[in-house]
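Throughout, a chain's letter reflects where its sequence line sits, starting with A, and its residues are numbered from 1. We use all heavy atoms of the structure for the numbers below, so side chains are in, but hydrogens, waters and symmetry mates are not.
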2 protein chains.
Amino acid sequence: MRKLIHAKDIDYLALGATVLGTGGGGDPYIGALMAKQAIEQYGPVELISIDELADDDLVIPSAMMGAPTVMVEKMPGGDEPVKAFKQLEKFLGRTAAATVCIEAGGLNSTIPFVVAAELGIPIVDADGMGRAFPEIPMTALHFGGISATPMMVADEKGNTVLLSTVNGAWTEALSRNATIVMGGSSMLALYGANAQDMQPNLIHGTLSTAMKIGQLLANKEDASKRLENLLKFMDGVELFRGKLTDVMRRTLDGFARGTVTIEGTSGNTGSVCRLEFQNENLIAMRDGEPIATVPDLITVLDLETVHPITTEELRYGQRVIVIAMPCAPVWHRPECLELVGPRYFGYDLDFKPLRPLVTNV
Amino acid sequence: MRKLIHAKDIDYLALGATVLGTGGGGDPYIGALMAKQAIEQYGPVELISIDELADDDLVIPSAMMGAPTVMVEKMPGGDEPVKAFKQLEKFLGRTAAATVCIEAGGLNSTIPFVVAAELGIPIVDADGMGRAFPEIPMTALHFGGISATPMMVADEKGNTVLLSTVNGAWTEALSRNATIVMGGSSMLALYGANAQDMQPNLIHGTLSTAMKIGQLLANKEDASKRLENLLKFMDGVELFRGKLTDVMRRTLDGFARGTVTIEGTSGNTGSVCRLEFQNENLIAMRDGEPIATVPDLITVLDLETVHPITTEELRYGQRVIVIAMPCAPVWHRPECLELVGPRYFGYDLDFKPLRPLVTNV
């Protein structure tokens, strides 16, 4: 499987990845703009399966870190993703054969295309989460024993921080803090590993899935048909529809956190849906009862367009549909839920899967 | 000039460097202990003039960063200084011919001996300040155009952060923050440069001076004679003597800050001396009037022993003598005073030199 990704594909990708990004994963417009500019300048990017790489080919993921709130005001210059990437290559004394996305989200699904286009390397059709999560160790790579460090953190001013840490918690703490000092957002190169070590620890096909979602949502059918297609394709469910009556948000410790209140309309009149987010939507409650929880995907769609709304874009008065989609099977593992389940984020709830797994993982 | 430094010399060095450290520069007992252990294990350390190195010999300073308050409780394991040093060597792809002190202070004058002893390299008889200052760019090296980065920051757990920055303010912000995240103190290797570039930007003879001061203060003469010898040797003055009646301290942004009140005795009865410190003593006021200001050296001595008291050790009830000594001439430059003068630290005062310079610098 080899496919060339052109600038026009990026809009589908960013749209679909924002659905997978569960409200987080960065601003899709900035990411798409940067990726399209890079592709127009350097040519289309090859999308490959990781199986097409040699076992000892080096793959380095590329990503952005920071609160989307800040990212909107501090659009990175075109060079930072490449700079962080090349600095890490220099430190490792090796050249990457490909790049890959750490998470599926509007920004972090598109940023690696900037690197791939400029350096003329392919991008692997996969990601490390199958969704977006707020912290660096929340990847299948981490649970597969691949270290996020040596990790390069770069800002738009020319500062770089190279981390080497003893565990994921220190990686998260040191990189998050450096990012805050750098002004709230930074570019990363991290989790570099050989293809054979990375292969079993990725969520495969994520970029194809995102582009397919983008196409489903962008076609000319009416909204209800597009929603139906999306839910069918993703095995998802509609949780709630209504009017957004309150958003309480605060940027804390480098994260955009908040609570959203949605008053029901249509079949939900008289009910209230409350969403909790930390960059990404984490918990959906209906009249005080949890109806979907992290790590399952919770995404807010605009009622008219059925396009996803990031947590950053949520505003009073929006008419929305809240949907949920099952997460990648890896997240059902008890050791993974310790780091990405509701309790990790401070909620006194267990993960109640939307779709129980039928096979052991 | 080549001299072997044995474990017994380290006590003189730590004692004298604490006088030069103006109340800061770290805990002399921890530093001396580490240096003596390293010398006993690996043998004496050669003290050399930088002129004995080849022009293109690499010199890497070694230091500790953090609030002394924290340092006292978190004594570094013996390996961290060497680890930070060797990691920086590895990154540079070069081996250092010698190390040197960034500042004169109880800890940072002795830590480089751990590195020198274990690696079997000499230590240059010099430092970057001629005293202690609280921030990374406050060195003659910085004003000589030598970059503090690439800079290695290491903790006792095994985490390392390699910084590369666009200027000194970013170096300070990023390393200070990493140090805070690491628990309040860290080991550094920084300001690496060739001997010929470093030579014009060091304060020469600092370690010999510190050892001489240590010997003057440790001999058997009575206290007043030893004080007289110290002031004569350092061209210093006694500012005040009295009883310490209050210390207000707080650890803020990784610095130990505070205000000390001393009520006059002897010839000072009825007067009050107030000291302001940020790791180091910065300002001495007598009855509301400044009598000595940073960058001149302000040191508090115990009235009985005439030994220096660090800002960390200041306690209610101590009988003390406050002395001032002239700083290295480099600090009189206007561009240097912008970074190390009273106004930088937030005081509405100009630097009033204890000894005006008789020649241009």
For chain B, find which of A/Leu163, A/Val153, A/Leu174 contributes the most heavy-atom pairs closer than 4.5 angstrom. A/Leu174
All heavy atoms of B/Ala173 vs all of A/Val181, minimum pair found to be CB-CG1, 3.8 Å
Is it the case that more than 12 heavy atoms not belonging to B/Lys83 sit under 6.0 Å from its NZ atom? yes
Is the closest side-chain heavy-atom distance between A/Lys157 and B/Thr165 below 4.5 Å? no
Which of these, B/Val161, B/Leu162, B/Thr160, sits in a side-chain contact (heavy atoms from CB on, under 4.5 Å) with A/Ser164? B/Thr160
